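Structure, as structure tokens:
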Amino acid sequence: MDENKFTKLEINRLEKIERLRARGIEPYPQRVERTHTSQQAIAALEAWETRSGADPVQVVVVGRLRSMRPMGKVIFAHIEDGYGRIQLFVRQNEVGDEAMGLLKTEFDLGDFIEARGELMRTKTGEPSVKVAEFRMIAKAVTPLPAAKDEEVDGEVIRHAGLTDPETRYRQRYADLAVNPHVRRIFEVRAATNRALRQFFDQRGFIEVETPILQPIYGGAAARPFITHHNQLKQDLYLRISFELYLKRLLVGGYEGVYEIGRDFRNEGVDRTHNPEFTQIEFYWAYADYNKVMALTEEMVRFVAEQVTGSHTLTYQGMQIDLSKPWARVELVDGIHELAGIDLEQHLDAASLAAAMKAKGIPADPHQPRGKLIDSLVGDFLEPTFVQPTFLYNYPRDISPLAKNLPGNPDVVERFEGFIAGMELCNAFTELNDPLEQEKRFREMGRDFSAEDDDDYHPMDEDYLRAMRYGMPPNGGFGMGIDRFVMLLTDQSNIREVILFPHLRSREGEQTPE
RNA sequence: GGCCCCAUAGCUCAAUUUGGCAGAGCAAGCGACUCUUAAUCGUUAGGUUCCAGGUUCGAGUCCUGGUGGGGUCACCA
């Protein structure tokens, strides 16, 4: 064994493993026989206490050693399992001199242990297992980074735990092992997915799975990751959205489809963007964006109530009320009011850029009008939408998959939902006219002529073919689940809600990504 | 990618105005203690100060480059 890669603390523990084996004790046994979780044991003790005269309850509990307080011939220890923690009360005259010696010399914080004994309360009233027998079930070689725990009013306070963000993300297993609040975030995340599925299943939507490896990517304006299939000798793209595949399914006859899954975008990484992120998209036949808005209000409130038990939440000090109908702001009005620019007076990019510059707002005149409007939304409107708000009726040129507002060729029936100044979702009345769709694609430069361009998007001929078979009118919706979970857990960094966020690889070190 | 900040023991952090013996708490080793709660007490050990150069009699500290992280801007239908 190459001991150079181990720290002195680890070598010390490796020696304990050798000493245990020398005594015929296997520190990594095959099987354990737990009778009670920590939670069940405490419940069993409480039940026993209501029955006078009954024999004490015998239990076998297992878990990770989280604290040890040796007091000579007695040791108090806490073990932690997936359901909580329970105290072990070990007395030398119960377990014997030899076992007591082993516990003191060969067991460390972080080891997994199995303990058999009867349930009791110590003098201070703490539920405990009076240990008759115990054994190592998995030795920890590397010490856990946390120092010590203090329990105050049932809350476990961790002193000087693991806080360095880089180590926490790279070694999430250690982060989870020592930081219960981190475990809690991912429980909330799981509950969010569960609630979303429940919400849509109850309404007759069918959950589907569509390709992640796609020969043609689309449905969003983002740069893709490229990969390659060796045998087919074919480049493939990791999807940037589910949209075009999900809408094909409406052509196939489903009235409501949804997918929860991963999207991949080859773009900048910051506190609200991870290269892979989780989305929910749904498409709803015979609905329009008004119906989607109503369903969104219902959905967000339902999920929040399921997950947090409340229809209000606090995000970075902001009180958010999800119980009322969301504010509705038409984009033109919002820009007029908050940026002081009347979009109807500036129907081309050059005019709008000039108006922005006149107001001292930096504007690149080469950008399309829609992008200029988008930047106005981001700078002037988005931060003000603290309470849930729908911003609706977007410029057509940045929304090639959305249907026009009747009578207005420049505006589409699209909305974005905002909470706490953060964009949460994006939805529209979906364009279902195949000839109009093809025209829009061509307007976006989606043909094979511009392959060198950053904005190059391949034309998806099969999607157009699907639409030509007849696509019912429908409303569609997409929401980043990571950002939604950030809201529900009051986290300001997306990495806090992704178990293994992407980090740059370190020199000479392989990360499991 | 630009700019700003950070990197010291297993963990959390110190180390005086450009510089003068690299320290503490917890964790670890040894010892005491049969109802503890961050148990307590005594004691011992623990360092490539992220990496590579440079300035200086002398660098954790100052300079240059790099690596990684955090923030911010750009990007982001």
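Proteins come first, then strands; the chains are lettered A, B, ... in the order of their sequence lines, and each starts at number 1. The model shown is predicted, which means the values in this text are computed figures rather than measured ones.
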How would you label the contact of A/Arg271 with the nucleic acid (heavy atoms, under 4.0 Å): base, sugar-phosphate, or nothing?
-> sugar-phosphate

Does A/Asp81 reach the main-chain N or O of A/Gly84 with its side chain, forming a donor-acceptor pair under 3.5 Å?
-> yes

Mind checking A/Arg414 for me? I need base, sugar-phosphate or nothing, with any heavy atom below 4.0 Å counting as a touch.
-> sugar-phosphate

Please state the P separation for the pair B/U49 and B/U61 - nearest whole angstrom.
-> 10 Å

Could one point to a donor on the side chain of A/Glu126 or the base of B/U36 with an acceptor on the other under 3.5 Å away?
-> no

Check whether any side-chain N or O of A/Asn12 sits under 4.0 Å from OP1 or OP2 of B/G29, and answer yes or no.
-> yes

If the P atom of B/C51 is compared with that of B/C11, how far apart are they to the nearest Å?
-> 15 Å

For B/G47 versus B/A28, give the span between their C1' atoms, rounded off to a whole number of Å.
-> 15 Å

So what does A/Tyr394 hit on the nucleic acid, given a heavy-atom distance under 4.0 Å: a base, only sugar-phosphate, or nothing?
-> nothing

Go through the side-chain N and O atoms of A/Tyr245 and A/Asp462 and say whether any donor and acceptor fall under 3.5 Å apart.
-> no

How far does the P atom of B/C63 sit from the matching atom of B/U40, given to the nearest Å?
-> 42 Å

Separation between the C1' atoms of B/C75 and B/G58, rounded to whole Å = 48 Å

B/U44 and B/G70, which share atom name C1', separated by this distance in whole Å | 38 Å

So what stems show up for RNA chain B if we need 3 or more Watson-Crick or G-U pairs in a row, all under 3.5 Å?
-> B:1-7 with B:67-73, B:10-13 with B:23-26, B:28-32 with B:40-44, B:50-54 with B:62-66

Is there a donor-acceptor contact under 3.5 Å from the side chain of A/Asp397 to the main chain of A/Gly370?
-> yes

Looking at every strand, decide which applies to A/Arg396 at a 4.0 Å heavy-atom threshold: base, sugar-phosphate, or nothing.
-> nothing

B/U43 and B/A7, which share atom name C1', separated by this distance in whole Å = 33 Å

For B/G65 versus B/U55, give the span between their C1' atoms, rounded off to a whole number of Å.
-> 15 Å

Side-chain donor/acceptor contact of A/Thr122 with base of B/U36 under 3.5 Å = yes

Check every strand shown and say whether A/Glu10 touches a base, only sugar-phosphate, or nothing at a heavy-atom separation below 4.0 Å.
-> nothing

Phosphate oxygens OP1/OP2 of B/A77: is one of them under 4.0 Å from a side-chain N or O of A/Arg369?
-> no

Looking at every strand, decide which applies to A/Lys16 at a 4.0 Å heavy-atom threshold: base, sugar-phosphate, or nothing.
-> sugar-phosphate

Examine B/U12: is either OP1 or OP2 under 4.0 Å from a nitrogen or oxygen in the side chain of A/Thr163? Give yes or no.
-> yes

Ignoring backbone atoms, test whether A/Asn493 places a side-chain nitrogen or oxygen under 4.0 Å from the OP1 or OP2 oxygen of B/G71.
-> yes

Tell me what A/Glu267 touches on the nucleic acid: a base, only sugar-phosphate, or nothing, going by heavy atoms under 4.0 Å.
-> sugar-phosphate

Could you tell me whether the side chain of A/Thr124 has a donor or acceptor atom within less than 3.5 Å of a complementary atom in the base of B/U37?
-> yes

What nucleic acid atoms does A/Asn93 come within less than 4.0 Å of, heavy atoms only: base, sugar-phosphate, or nothing?
-> base

Does a nitrogen or oxygen in the side chain of A/Lys104 sit under 4.0 Å from OP1 or OP2 of B/G31?
-> no

